[in-house]
Structure formats: structure tokens, C-alpha cells
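Working notes for the structure below.
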Amino acid sequence: MTMIPPAGAPRDLAMAQLANSVGDGAFVVTSALFFTRVVGLSTAEVGLGLTVAWLVGFLVGVPLGNLADRRGARGTAIVLALTTAAAVASFLVVRGFVLFLVAAIVYACSQTGLTAARQALLAGLVQPAERTRIRAFLQSTVNAGLAFGALLGGIALRFDTESAYLIVFAIDAVSFLLAAALIRRVPPVVIHRQASGEPRFAVLHDRPYAVLALLNAVMLLFMPLISLVGPLWIVTRTNAPSWVVASLMIVNTLGVTFFQVRIAKSVTDLRSAARSVRYAGIAMLAACAVFAITAANLSSATAAVVLVVAAALLTLGEMKLASGAWEISFGLAPADKQGQYQGFFGTGPAIARMLGPAMLTTVILGWGPIGWLVVGVLFLGTSCATGPSIRWAVRTRAVNEDATPSLVEENAA
């Protein structure tokens with residue numbers, strides 16, 4: 001079950017992310033129909049625009065994270081929450097592809113940078129030993145907000161009117177304004193000045209960390225399995241009833257909401273983080289194997305039960321992966337460069353969203369059960385490579401997990 005909410009600054013961060021996630025949940029559920037029916041774009045234009053937007057967002061992750069380091073994580077997070085709100089609000093009035101593309105790019109860049117800035121803010125506010133535990137609480141809070149936001153989006157879909165969609169997007173914009181106000185209540189953290197002769201984006205020269213970020217991006221391919229490939233598989237390759245598609249997201253959302261904190265308690269250092277990621281690979285391989293079984297001629301009821309088991313295993317893998325990845329991303333990042341390092345590590349979801357759908361639909365829907373097993377072996381192999389990569393990274397730096405963060409006044413971003 002989720003823990004008691006932390007007091008002080010972490011609580012305000014949690015409330016800010018809860019506000020964000022309510023808006024995000026509504027956005028995800030309604031965006032496709034909003035952009036086609038209200039904005040008036042074709043599905044091809046929507047797909048192209050969002051792909052370009054997230055590609056740009058991927059490219060600016062490190063620079064915006066570096067901005068959080070050099071100008072202050074709190075101020076940067078506030079500004080990016082406000083620009084996200086402005087981007088969402090602009091969707092209410094833009095009508096046409098070019099303006100939509102501009103708004104989508106601002107939205108994607110702001111979201112990517114906001115994630116990096118919040119992570120840097122958390123790293124500066126919380127003792128190193130507590131970061132993974134607090135991050136797990138934040139993640140469970142996010143999932144609860146996504147579920148509520150998805151419910152609001154579902155109501156808009158039920159009415160299926162322009163007014164309903166406009167109201168949902170307005171709620172999304174307001175949620176980021178609320179998040180900015182909540183972040184403003186958080187104490188400022190230390191600002192780190194760049195040393196003379198030091199590269200501006202040092203993370204791009206850190207090969208072990210880059211390898212770990214890449215391995216994490218590969219593991220994050222589970223995301224399209226839940227949102228896209230799994231539902232397509234259920235509809236086209238199994239005898240399960242169509243409502244089982246919704247059960248994948250329900251199992252995932254409830255699992256993370258209620259159990260992420262408990263699972264994260266086992267991760268206290270880099271060694272336990274590597275072990276957690278390895279267990280994630282085993283769970284994901286098992287989930288893929290169970291998905292493959294549903295290609296057999298099972299009854300609808302049996303197929304439904306088996307698919308729920310597969311979703312539960314995949315969710316367990318997600319929680320184990322997240323717990324390990326948080327410890328890795330924080331523990332191996334220099335204290336004065338948490339923003340740019342979190343921005344770099346945080347590009348994993350963007351990579352998974354850009355490359356995962358095409359790759360996984362080709363392998364799984366094209367190859368059938370064998371495709372599932374190939375993907376499962378990929379997860380296991382990647383998770384097993386994480387431990388040696390962590391040991392390589394530790395050998396190249398001084399990892400100080402007992403450092404105490406200091407709080408000082410920061411400049412406005």
C-alpha cells in the first residue's frame with residue numbers, strides 16, 4: 001500500500017505532480033479525437049506533429065536540465081510548468097497544422113524540461129538515502145492522478161462534443177498553473193556554477209551513464225506493450241472479450257498506485273538497484289511468455305484470466321525497473337549536475353514512445369508468439385547488462401551516497 005504522504009517540500013512536490021497527472025490523464029485519453037475533431041487535423045498530421053514535437057523534446061532535455069542546475073531547479077520548474085499551461089491553452093484556439101506543430105513542440109519541450117527540473121529539485125531537497133522512497137511515493141501519486149484524469153477524459157468521450165473536449169483541455173491547462181503555484185512553495189536549492197574549462201554538457205561525455213540511460217530506454221519499451229501492442233494483440237490474436245483491453249491499464253494503474261512504494265523499499269543503494277532491474281527483466285520475460293500463451297485456442301474466459309496475469313507480471317516488472325532506475329539516475333549523477341543528468345536519463349520514455357510502436361508491432365504482431373519471446377529475451381538480456389554497467393560507472397567516479405543536500409536562495413530562472 002502507499003505510505004503516509006511525506007511532510008514539507010516533498011509533499012508539495014507530490015501535490016504538484018498530482019495536479020500535472022490529472023491533466024495528463026485527461027490529455028492522453030482525449031487528445032487524438034480533440035486534434036482531429038476540434039482542431040480539424042488529419043490523423044497523419046497529428047501523428048507527424050506529435051512525433052516531431054517529442055523528437056525536439058528529446059533533444060532539449062539535457063539543455064533544459066542544465067538550465068535547472070545553473071539557474072535554479074525551482075525557478076526553472078515553475079517557468080516550465082507555466083509554459084506547459086500556455087501550450088495546452090493554445091490548443092484551445094489553434095486551428096491549422098503549423099500552429100498546432102508550434103504548440104506541440106512547446107508542450108513537449110516544456111514537459112521534458114519540467115521532468116528534469118523536478119528531479120533536480122527532488123535531488124536537492126531530499127537526503128540521498130530517501131530519494132528512491134520519495135520518488136516511489138511520487139510515482140504512486142502520479143498514477144492515481146492519471147486514473148482520475150482518464151476518468152474525466154472518458155466523460156468527455158462519452159459526450160463527444162466540442163464543448164466537452166474544450167473543458168477537458170482547459171482543466172489540463174489549469175492543472176499546470178496549479179502545479180506552478182505548488183512548486184513555488186518548495187524551498188529553493190543550491191545553484192551550481194560551471195567550473196572553468198568544464199564542458200557545458202558533461203553528461204554527454206559520460207559514457208557509462210550514457211550506456212545505462214540507453215539500457216533503461218530499452219527496458220522502457222514495456223510502455224508501448226501496455227498502451228498499444230497489448231490491446232492490438234488482444235483484439236486480433238486472442239479469443240478474449242474486448243473489455244480485457246481496459247483491464248491492462250486498470251491492472252497497471254492500480255498496481256503502481258498501491259504497491260510501488262512497498263517494492264521500492266528494497267532499493268537502498270546501487271547494488272540493490274542492479275538487483276531490482278534484473279528482477280524486472282525476469283518479470284517482463286515471464287509476462288511476454290504468458291502473453292504468447294494467449295495465441296493458443298483458449299476459451300474467452302481463460303484467455304481473459306491469462307491476460308490479466310500477464311498484465312500483473314508486466315506491472316511488477318515496471319515497478320522493479322522504476323525503483324532501480326531512480327536509484328541509478330540519482331546515485332551516479334554528480335551533485336552539481338543533477339538537472340542535466342536527469343534530463344539525459346529522462347529521455348528514455350521519449351525514445352520508447354518514438355521507436356517502440358513501430359518496432360514492437362512488427363516483431364510481435366508479425367511474428368506472433370515467437371515475437372513475444374524475442375522481446376522478453378531482450379528485456380532479460382538488457383536487465384542483466386545493467387549490473388556490469390553500474391560497476392563500470394562506479395569505477396569512473398566517486399559515488400557519495402551520504403552527501404547532505406544544502407538549501408540556498410536561488411536566482412529566478
Side-chain angles (χ1 to χ4, degrees), residues 5-28 31 53 57 60-61 63-94 102-126 134-135 137-139 141-146 148-149 152 166-191 338-340 342-343 346 349 407-413:
R11 180 185 58 203
D12 291 331
L13 281 177
M15 295 304 296
Q17 289 202 235
L18 177 62
N20 287 170
S21 60
V22 170
D24 286 341
F27 179 90
V28 168
S31 58
V60 303
L64 289 176
N66 186 62
L67 180 66
D69 290 329
R70 306 306 175 208
R71 298 288 292 172
R74 185 185 69 165
T76 303
I78 292 171
V79 170
L80 291 172
L82 292 175
T83 56
T84 305
V88 174
S90 69
F91 287 134
L92 299 175
V93 296
V94 300
V102 172
I105 289 174
V106 174
Y107 174 83
C109 292
S110 299
Q111 283 277 59
T112 303
L114 178 58
T115 299
R118 279 193 307 227
Q119 291 285 80
L121 188 56
L122 177 64
L125 291 169
V126 179
I134 297 299
R135 186 64 183 81
F137 173 80
L138 294 178
Q139 188 64 27
T141 302
V142 164
N143 271 57
L146 287 172
F148 183 73
L152 293 178
L166 290 173
I167 289 172
V168 166
F169 267 64
I171 291 173
D172 190 8
V174 170
S175 75
F176 283 95
L177 293 176
L178 178 59
L182 289 166
I183 294 172
R184 193 172 185 275
R185 295 169 53 180
V186 175
V189 299
V190 64
I191 298 175
Q338 282 285 352
Q340 63 170 280
Q342 298 307 320
L407 304 182
V408 298
E409 195 61 40
E410 67 180 40
N411 297 326

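Note that the numbering runs from 1 along the sequence shown for the chain.
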### Query
What's the spacing between N66 CG and Q338 CD if we round to 0.5 Å?
13.0 Å
### Query
Stepwise, does the side chain to side chain contact (heavy atoms under 4.5 Å, CB included) test hold for I183 with L121?
CA-CA 10 Å; I183 294 172; L121 188 56; 4.1 Å; yes
### Verdict with supporting geometry, N20 and F176, side chain to side chain contact (heavy atoms under 4.5 Å, CB included)
CA-CA 6 Å; N20 287 170; F176 283 95; 3.3 Å; yes
## Note on the structure
Shortest non-hydrogen pair, A108 vs A53, comes out as CB-O, 3.2 Å
### Task
Please name the pair of heavy atoms, one in T83 and one in L80, separated by the smallest distance, quoted to 0.1 Å.
OG1-O, 2.9 Å
## Note on the structure
Note: R71 and T76 closest approach over all heavy atoms is CB-OG1, 4.4 Å
#### Entry: Separation of L122 CG from Q342 CD (nearest 0.5 Å)
8.5 Å
### Message
Tell me every residue that passes side-chain hydrogen bond (donor to acceptor under 3.5 Å, both in side chains) with S31, counting only those two or more places apart in sequence or in another chain.
### Response
none
### Task
Kindly indicate whether the side chain of S21, heavy atoms from C-beta on, has any atom under 4.5 Å from the side chain of N143.
no
### Query
What pair of heavy atoms forms the shortest contact from R74 to P188, and how long is it?
NH1-CD, 3.7 Å
#### Entry: Atom pair CZ (R184) and CG (L82), whose distance is rounded to the nearest 0.5 Å
10.5 Å
### Message
Just so I know, are the side chains of L182 and L18 near enough to count as touching, which here means a heavy-atom distance under 4.5 Å?
### Response
no
### Query
OG1/T141 to CG/L146 distance, rounded to the nearest 0.5 angstrom?
11.0 Å
### Query
Quick one: salt bridge (charged side-chain N to carboxylate O under 4.0 Å, His left out) partners of R185, sequence neighbours excluded?
D12
### Shortest non-hydrogen separation from A19 to A179 and the atoms involved
CB-N, 4.4 Å
#### Entry: From L152 atom CG to I167 atom CD1, the distance as rounded to the nearest 0.5 Å
11.0 Å
### Query
Which residues pass the side chain to side chain contact (heavy atoms under 4.5 Å, CB included) test with Q17, sequence neighbours left out?
R118, L138, V142
### Query
Going from CG on L64 to CG on D69, what distance comes out if it is rounded to the nearest 0.5 angstrom?
11.5 Å
### Query
Between Y107 and F27, how do the two ring planes meet: parallel, tilted or perpendicular, split at 30° and 60°?
parallel
### For A103 against A87, the heavy-atom pair lying closest together
O-CB, 3.8 Å
